[in-house]
> 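Sending over a structure as structure tokens; questions will come in a sec.
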Number of protein chains: 2
Amino acid sequence: MSKKEALLKAAENKVRLGGYSNFSFRELASEVGIKSASVHYHFPTKADLGAELAHQYTNSFLAALGEPSELKASGKNPIDVYTQLFRSALVTDRKMCLCGLLGAESDSLPDKVRLEVKRFFNQNLTWLSAAHLANGELNPTKAAIQTVSLLEGAMMISKTLDDNSYFELATQ
Amino acid sequence: MSKKEALLKAAENKVRLGGYSNFSFRELASEVGIKSASVHYHFPTKADLGAELAHQYTNSFLAALGEPSELKASGKNPIDVYTQLFRSALVTDRKMCLCGLLGAESDSLPDKVRLEVKRFFNQNLTWLSAAHLANGELNPTKAAIQTVSLLEGAMMISKTLDDNSYFELATQ
DNA sequence: AAATAACTACCTACTGGTCGATAATTTTAC
DNA sequence: GTAAAATTATCGACCAGTAGGTAGTTATTT
């Protein structure tokens, strides 16, 4: 793993625990074994780092989901697959959704970061609409926003109350 | 309004836009017309201020709701009342729920602040369970966690995408 | 006299960011 | 094939600004 990748990974961990202001160049640098001045070589500003982090997070997230039509074709319910991805973020990583946390802080983020967070949710809503359509939902747009709202909210509350059974109950 | 109340109000605005780290003693002080050192007279530490803020927010929120049984008795659906309180926070204040934002940051908060955020959600779940029970729900506990999850999530996404119609669609 | 509420001055620690320098590597030109 | 040039990735030193917090003082109110 390159230093740049290591920096993004370290930043992701910090942000998913405490938001955009929960990481500093010095902390990241020390974690990957370089000096803070060198971080600016890979990311000119903190906003650049944040934006690239959210962009790659979105891409990985979408890639992990696959295509709703293909999931359906192989006998899986795409909404269950989507729910499972959130569950593993909460249960395995024990962290918030990166864009869930950044979305809540949206108003105080640098423009280029906020833009990437918007992209995450727009892409997610598109994916979920296709998934609900494939499931025969009458109003796939509405079902999509309800699904992602419920999951982000349940994740946040389970983290806050430090009890994953809230997530399980919410997704029953 | 006393200086102390003014400080809490200024802090609430900042936190609801960008989280716990989005306010400083210097900013608050300058907004209410005193010096930053004087803020420490009212709140010994930042954590004390954050905890009192979340505590009062919870109390005001619960007070604004009223009692589920009384709402029911006066012909109102308590879940609609609850939804309306979230809606006005989003549409009128144009800000996140204080504890929704702090909850997402939960892992990086000082203990006494996190404790108050937990109190907010525990009290909300109790209120919502009673409300759903009064509505004749078969599983009021489950309905309660689903209601608050959906509303917190929908609020966050509407803020992020800067479009309140997502909230309206999610709550249909 | 005591409590309240503010002040000035200061501290240490940390923030994102800039600068020029320095090796090591890779590409280009002859 | 090799010498020169450019690129990559790092460094130490430094900067101005801000963070939360403390000590001691002053004025006002009870």
Side-chain angles (χ1 to χ4, degrees), chain A residues 1-56 101-102 105 107-117, chain B residues 1-56 101-102 105 107-117:
Chain A
M1 187 169 47
S2 73
K3 295 289 186 188
K4 183 170 181 175
E5 288 169 324
L7 287 168
L8 285 171
K9 193 166 187 174
E12 179 183 328
N13 285 331
K14 304 260 185 204
V15 175
R16 288 180 62 188
L17 289 174
Y20 184 71
S21 63
N22 200 223
F23 77 93
S24 73
F25 275 32
R26 274 170 182 72
E27 277 179 330
L28 297 190
S30 119
E31 278 188 32
V32 311
I34 61 176
K35 297 294 169 180
S36 85
S38 308
V39 180
H40 288 277
Y41 171 76
H42 300 285
F43 308 99
T45 69
K46 184 173 180 174
D48 290 316
L49 197 161
E52 190 159 334
L53 177 61
H55 191 87
Q56 290 196 14
L101 218 171
L102 291 179
E105 293 179 318
D107 284 301
S108 68
L109 293 179
D111 284 352
K112 59 168 60 177
V113 181
R114 181 172 46 241
L115 225 73
E116 291 295 338
V117 180
Chain B
M1 186 170 46
S2 72
K3 295 288 185 188
K4 183 169 180 175
E5 288 169 325
L7 287 168
L8 285 172
K9 194 166 187 174
E12 179 182 327
N13 284 332
K14 304 261 184 202
V15 175
R16 286 180 64 187
L17 290 174
Y20 184 72
S21 64
N22 199 42
F23 78 93
S24 73
F25 275 31
R26 276 172 181 70
E27 277 179 328
L28 299 191
S30 121
E31 278 188 32
V32 310
I34 61 176
K35 298 293 171 181
S36 85
S38 308
V39 181
H40 288 277
Y41 171 75
H42 301 285
F43 308 99
T45 69
K46 183 173 181 176
D48 290 316
L49 196 162
E52 190 159 333
L53 177 60
H55 191 86
Q56 291 196 14
L101 218 171
L102 291 180
E105 294 178 318
D107 284 302
S108 68
L109 293 178
D111 284 353
K112 59 169 58 176
V113 181
R114 181 172 46 240
L115 224 73
E116 291 296 338
V117 180

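Protein chains get the first letters and strands the later ones, always in sequence-line order, with residue 1 at the start of each.
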> Contact class for F43(A) vs. all strands (heavy atom < 4.0 Å): base, sugar-phosphate, or nothing?
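Nothing, no heavy atom under 4.0 Å.
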
> Are the charged groups of E12(A) and R16(A) less than 4.0 angstrom apart, N to O?
yes

> If the plane angle is over 60° it's perpendicular, under 30° parallel, otherwise tilted; pick one for Y20(B) and F23(B).
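Answer is perpendicular, since the angle exceeds 60°.
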
> K3(B) NZ to dT29(D) P: how many Å, rounded?
14 Å

> What are the two closest heavy atoms between L53(B) and L8(B), and how far apart are they?
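It is CD1-O, 3.5 Å.
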
> Specify the separation, in whole Å, of atom CZ of F23(A) and atom P of dT15(C).
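Whole-Å distance recorded here is 11 Å.
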
> Tell me the interatomic distance from H40(A), atom NE2, to dT8(D), atom P, rounded to whole angstroms.
19 Å

> Side chain of F25(B) only, heavy atoms from C-beta on: which candidate in dC11(D), dG20(D), dC7(C) is closest?
dG20(D)

> Using only side-chain N and O atoms of Y41(A), determine if any of them is under 4.0 Å from OP1 or OP2 of dA9(D).
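Checking Y41(A) against dA9(D): at least one side-chain N or O falls below 4.0 Å of OP1 or OP2.
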
> Would you say a side-chain N or O of S24(A) is under 4.0 Å from OP1 or OP2 of dT15(C)?
yes

> Indicate yes or no: does E52(A) engage K4(A) in a salt bridge with an N to O separation below 4.0 Å.
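Yes, charged N to carboxylate O under 4.0 Å.
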
> Given that P44(B) and R26(A) both sit by DNA chain D, which one's nearest nucleotide is further toward the 5' end?
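The residue whose closest nucleotide sits nearer the 5' end is R26(A).
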
> In whole angstroms, how far is the C1' atom of dA13(C) from the CD atom of E27(A)?
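After rounding, the gap between these two atoms is 13 Å.
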
> So does S38(A) get a side-chain nitrogen or oxygen closer than 4.0 Å to the phosphate oxygens (OP1/OP2) of dA9(D)?
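Answer is no, no contact under 4.0 Å.
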
> Roughly, in whole Å, what's the span from CG in L28(B) to C1' in dA19(D)?
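Roughly 13 Å, once rounded to whole Å.
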
> What's the separation between atom CZ in F25(A) and atom CG in L7(A), rounded to the nearest 0.5 Å?
8.5 Å

> For dA6(C), take OP1 and OP2 only and decide whether either is under 4.0 Å from a side-chain N or O of H42(B).
yes

> So which nucleotide from dG16(C), dG21(D), dC11(D) ends up closest to the side chain of T45(B)?
dG21(D)

> How many whole angstroms separate atom CG of D48(A) from atom P of dT18(C)?
11 Å

> Below the 4.0 Å mark, does dA6(C) have OP1 or OP2 next to a side-chain nitrogen or oxygen of K35(B)?
no

> In whole Å, what is the span from the NZ atom of K46(B) to the P atom of dT18(D)?
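To the nearest whole Å, that distance equals 15 Å.
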
